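What follows is one structure encoded as structure tokens, with my remarks underneath.
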Protein chains: 2
Amino acid sequence: MIRVLLADDEGMIRSALAALLRLEADIEIVAECADGAEAVAAAERLRPDVCLLDLEMPQLDGVQVTERLNRTVATRCVIVTRHARPGVLRRALASGAAGFLPKSRGADEVASVIRRVAAGGRYIDPELAADALSDERSPLTDRELDVLRAGRHGETTRQIARTLSLAPGTVRNHVSAVLGKLSVGTRQQAVLLAEERGWI
Amino acid sequence: MIRVLLADDEGMIRSALAALLRLEADIEIVAECADGAEAVAAAERLRPDVCLLDLEMPQLDGVQVTERLNRTVATRCVIVTRHARPGVLRRALASGAAGFLPKSRGADEVASVIRRVAAGGRYIDPELAADALSDERSPLTDRELDVLRAGRHGETTRQIARTLSLAPGTVRNHVSAVLGKLSVGTRQQAVLLAEERGWI
DNA sequence: CTACGGGCATGACACATGTCATGGACGCGG
DNA sequence: CCGCGTCCATGACATGTGTCATGCCCGTAG
């Protein structure tokens with residue numbers, strides 16, 4: 001019997017997957033969690049064999065949950081996400097995830113991925129793995145990413161400067177470098193692109 | 001037997017719901033669609049009793065699909081969405097939807113909503129309906145919303161002006177009015193807020 | 001009719017933003 | 001050691017953006 005923890009902030013998909021997985025004879029759902037913090041707590045208490053984690057969750061995202069659990073519990077994590085990009089996959093694997101499944105795939109694949117991972121194997125969505133091989137890593141420097149993150153929600157230059165303890169001019173310079181590298185004209189477009197590609 | 005069309009661009013939730021609904025004795029899934037255009041075409045061909053439509057879809061969103069179908073086919077539409085806000089609910093009802101269900105609700109409610117709607121009733125998520133009664137309508141004028149939409153992805157003032165055939169100064173004026181009404185400092189924050197509330 | 005108010009459009013002005021050239025810190029290979 | 005390249009930080013300058021006062025159009029109340 002494979003003991004599975006399920007975490008997804010979207011109630012409908014969480015309960016739908018739970019209902020489907022309960023139909024499988026060899027799978028037992030031991031917990032359903034709505035956010036990352038809850039998932040960590042439940043996993044440490046219940047020690048499931050496999051954790052199926054949504055990437056986008058409040059408190060802690062799937063990658064952060066995987067990082068924590070890899071330190072404390074002998075469980076294998078599968079990360080599931082809407083936005084499946086090479087950059088996201090890279091982050092997921094770096095965190096120690098044993099599996100990566102885009103939500104564009106059918107629900108019927110979930111059970112087989114869980115079985116494979118529980119047996120000690122890994123599962124990476126094949127199509128996405130191919131993309132990730134043709135490696136297009138972020139051309140941005142660490143500092144440039146910092147600035148982009150700090151300005152993600154339309155914060156003004158001055159606010160970003162204060163957040164990072166920089167002169168406003170420096171922030172503008174970094175932003176300018178980013179715009180040049182990404183060939184876009186405004187911050188907001190740069191943010192959208194970087195989010196799209198999983199760089200921030 | 002209730003004949004149901006299912007449309008959602010996210011494969012996993014679409015197939016999961018389909019699998020669950022197939023377990024219901026009185027429900028038959030006659031089509032699964034991955035975008036709005038496909039949903040319209042299938043609905044016009046198959047004439048299902050109920051259409052379960054995701055709001056966020058490529059091509060046509062759930063509201064647009066509902067509008068079209070209400071002109072051509074005798075079917076009842078239920079709109080399902082992640083971002084359940086009063087503004088979104090209002091748009092959905094205006095388009096003629098018979099039901100509105102946030103994705104935060106459990107998958108087990110879906111079947112009962114379908115039955116109720118198929119029987120000629122309506123279903124509105126109770127919690128959200130309460131919010132919508134404490135009517136917080138958009139304080140923005142039509143033109144201001146146009147400008148906001150045109151600048152949604154970080155377009156420059158000049159581009160927005162060209163899109164709407166306006167002088168750049170006019171665009172700036174509308175933007176300024178929006179920022180004032182929403183009490184925010186930048187366009188991007190205004191866009192985020194308006195998207196949040198379902199105004200654009 | 002006329003006065004009034006709201007939405008739309010515009011231009012002038014102050015300020016924030018993006019661009020550019022420059023300099024310092026650090027690591028690497030000749 | 002020295003030159004080279006990269007990243008980070010900064011200030012001056014041009015351009016774009018937000019604010020404001022103004023005028024037009026139109027529907028409505030007096």
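Both backbone and side-chain heavy atoms feed into the values below; hydrogens, waters and symmetry mates do not. Just so we're on the same page: letters track the sequence lines, and every chain starts at 1. From a predicted model like this one, the values you see are computed outputs, not experimental measurements.
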Please determine if A/R105 and A/E127 form a salt bridge, counting it only when a charged side-chain N lies under 4.0 Å from a carboxylate O. yes
Protein and nucleotides 24-27 of chain C: nitrogen or oxygen contacts under 3.5 angstrom:
none

Check: A/I13 and A/K103 side chains under 4.5 Å, non-hydrogen atoms: yes
Euclidean distance, atom CG of residue B/D146 to atom C1' of C/dG7 [Å, nearest integer]: 13 Å
Looking only at heavy atoms, what is the nearest atom pair of B/D54 and B/D9, with distance? OD2-OD1, 3.2 Å
Given protein heavy atoms under 4.0 Å, the one-letter contact record of nucleotides 4-16 of chain D, with B base, S sugar-phosphate only and - none, is simply ---SSBB-----S
Would you confirm whether A/E24, through its side chain, and A/S112, through its main-chain N or O, come within 3.5 Å as a donor-acceptor pair? no
From CG of B/L164 across to C1' of C/dT10 the rounded distance in Å is 15 Å
Check B/L89 against B/F100 and note the closest heavy-atom contact, atom names and distance. CD1-CG, 3.5 Å
Check for a donor-acceptor pair, side chain of B/T141 on one end and backbone N or O of B/E144 on the other, with a separation under 3.5 Å. yes
Return a table of donor-acceptor pairs under 3.5 angstrom between the side chains of residues 29-38 of chain B and protein atoms on other chains or two or more places apart.
residue, atom, partner, partner atom, Å
B/E32, OE2, B/R22, NH2, 2.8
B/D35, OD1, B/A37, N, 2.9
B/D35, OD1, B/E38, N, 2.9

Nearest-Å distance, CD1 (A/I160) to P (C/dA16)? 14 Å
Looking only at side-chain N and O atoms, does A/S95 offer a donor or acceptor that is under 3.5 Å from a partner on A/E67? no
Atom CG of B/L140 and atom C1' of C/dG6: how far apart are they, to the nearest Å? 15 Å
